[in-house]
Amino acid sequence: MSEHNKIYIDPKTGEKACKCFKRCGGCQHSESYKAQLERKQQKAERMLSKFCKVNEIIPMDEPYNYRCKVQNIYGLDRSKRIISGIFQSSGQKMVTVDDCMLEDVHAAPIVRTLKKLMKDMRISPYDLRTGKGILRHTLIRTSPTTGQIMLVLVTSGAMLPSSKNLVKALLSAHPEITTIVQNVCPDGMPLTLGKRSMVLYGSGHIEDELCGCRFRISPASFYQVNPIQTEKLYTCAVKAADISEGDTLIDAYCGTGTIGIICAKNGACVTGVELNKSACKDAAENAALNKLENIRFFNDDAGRFMQAMASRGEGLDILMMDPPRAGATREFLGCTAKLAPKKIVYVSCKIETLERDLKTLTRSGYKATYIQPVDMFPHTMGIETVVGLIKKA
Ligand code: SAH
């Protein structure tokens, strides 16, 4: 362990804690995991029990090291040694972190090796203030089910000194890495990816398995960061949908198609709608990877798409919706009433917008029959919730 290691056992809770708490912005709770779950349960009940009984929140068995997407920035300390870390919760300063209790355990050793190699191979860390330097940040994506690991080296220009030797040395120290990609990002916000990528080793993507389906994750793909809890979340969503063979189902805000693909595998005829073009392309590739033909994807605004369906007089059996934190738009909710699906499954990542949207849906003829919170992000405030609604007779 290095001098920057900040994980310790808190004598108050007897559980893991981190000295970077509050500064780095990763963890937002400093209480025991049990107390965190109670706090989340109370909040869910306070906001949602007016719609229907709220089930007990589904916890994470081992609520640590769950983040399968790890990003690190690099810099120099006073003695010009290369250091790594993450951005402070406020501002653009770096908090040096060599070990994090939320990140997948495979990431930190790779970052430690990389820092040594950067020194040997004269790969300088990029300095945001001066705009000089080579390595802007790294992105490590891992899959707990396939064991595949992707390292993305995000550089300020196409030049990466000794790239062949760097890859060789990385693989020799970490044979567990299955692919290495260089992404060129000359400008833009910190931690973003540029348009150009070069595969330095392997296939350029990793695959993960959820609910019996396989998903391809490229450097820029959206993928839930906690796959262990995601499987529980999706299982609840599919249970709430209670699919019969041949049911027509819309997966609105479908991202890379994960939920829709699992529903198609369960017999539904699925139409996925997603605003982000590259996520939509990933979704089509994921459907092919799972050899599914009863699913198609449209790159469109979900509200506009539903509006067009309603004006054509079309209907559907099940609406699956997983909007971003802002929740669904008024247009989207208005069209839902017109399309009149028999069932709606709302997967929410923000309880405040969920409450607002449930008020609208329950006023337009739907009744909530199932509310299941899932703890997707232990040690943070986030609560993910699945709500099942049925159309009142
Ligand atoms: N269901 C997916 C993604 C959920 S995140 C999963 O579980 O992985 C929400 C998604 O909604 C993002 O992919 C985002 O690009 C998309 N999105 C945001 N606004 C949208 C809109 N107006 N219409 C369609 N999709 C939208």
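Whatever order the structure lists ligands and atoms in, that order sets their numbers, starting from 1. On a predicted model such as this, the values are computed, not experimentally measured, just so you know.
Scanning all protein heavy atoms for the shortest distance to atom 25 (N) of ligand 1 gives Leu275 N, 3.2 Å. Among protein heavy atoms, the minimum distance from atom 18 (C) of ligand 1 is reached at Pro324 CG, 3.6 Å. When only non-hydrogen protein atoms are considered, atom 16 (C) of ligand 1 lies nearest to Glu274 OE1, 3.2 Å. Among protein heavy atoms, atom 26 (C) of ligand 1 sits closest to Tyr253 CD2, 3.4 Å.
When each atom of ligand 1 is checked for a heavy atom of Asp301 under 4.0 Å away, the hits are 21 (C), 22 (N), 23 (N). Taking every non-hydrogen atom of Asp322 and a distance limit under 4.0 Å, the qualifying atoms of ligand 1 come out as 1 (N), 2 (C), 3 (C), 4 (C), 6 (C), 7 (O), 9 (C). Atom numbering of ligand 1 starts at 1 in the shown order; those under 4.0 Å from a heavy atom of Ala302 are 21 (C), 23 (N), 24 (C). Every atom of ligand 1 with a heavy atom of Asp300 under 4.0 Å away is listed here by number and element: 23 (N), 24 (C). For ligand 1 and Tyr234, the ligand atoms under 4.0 Å from any heavy atom of the residue are 6 (C), 7 (O), 8 (O). Every atom of ligand 1 is numbered from 1 in the order shown, and the set under 4.0 Å from a heavy atom of Cys254 is 1 (N), 2 (C). Numbered from 1 in the order shown, with element, the atoms of ligand 1 that lie under 4.0 Å from a heavy atom of Gln224 read 6 (C), 7 (O), 8 (O).
Under 4.0 angstrom from ligand 1, the non-hydrogen atoms of Thr258 all belong to its side chain. At a heavy-atom distance under 4.0 Å, only side-chain atoms of Phe222, from C-beta outward, approach ligand 1.
Residues Phe298 and Phe305 place their aromatic rings such that the two centres sit under 6.0 Å apart.
Applying side chain to side chain contact (heavy atoms under 4.5 Å, CB included) to Val270 and the options Ile295, Ile250, Ile318, Thr248 leaves one that passes, Ile295.
A side-chain donor-acceptor contact under 3.5 Å links Thr113 and His174. Asp282 and Tyr223 share no side-chain donor-acceptor pair at under 3.5 Å. Under 3.5 Å, the side chains of Ser197 and Gln182 contain no donor-acceptor pair of N or O atoms.
Salt-bridge annotation for Lys342 and Asp317: present, with a side-chain N of the basic residue lying under 4.0 Å from a carboxylate O of the acidic one. The pair Glu103-Arg67 does not count as a salt bridge, with every side-chain nitrogen at least 4.0 angstrom from each carboxylate oxygen.
The nearest pair of heavy atoms linking Cys335 to Met306 is CB-CB, 3.7 Å.
Counting only distance, with no hydrogens or angles, the side chain of Gln229 and the backbone of Pro59 share a donor-acceptor pair below 3.5 Å.
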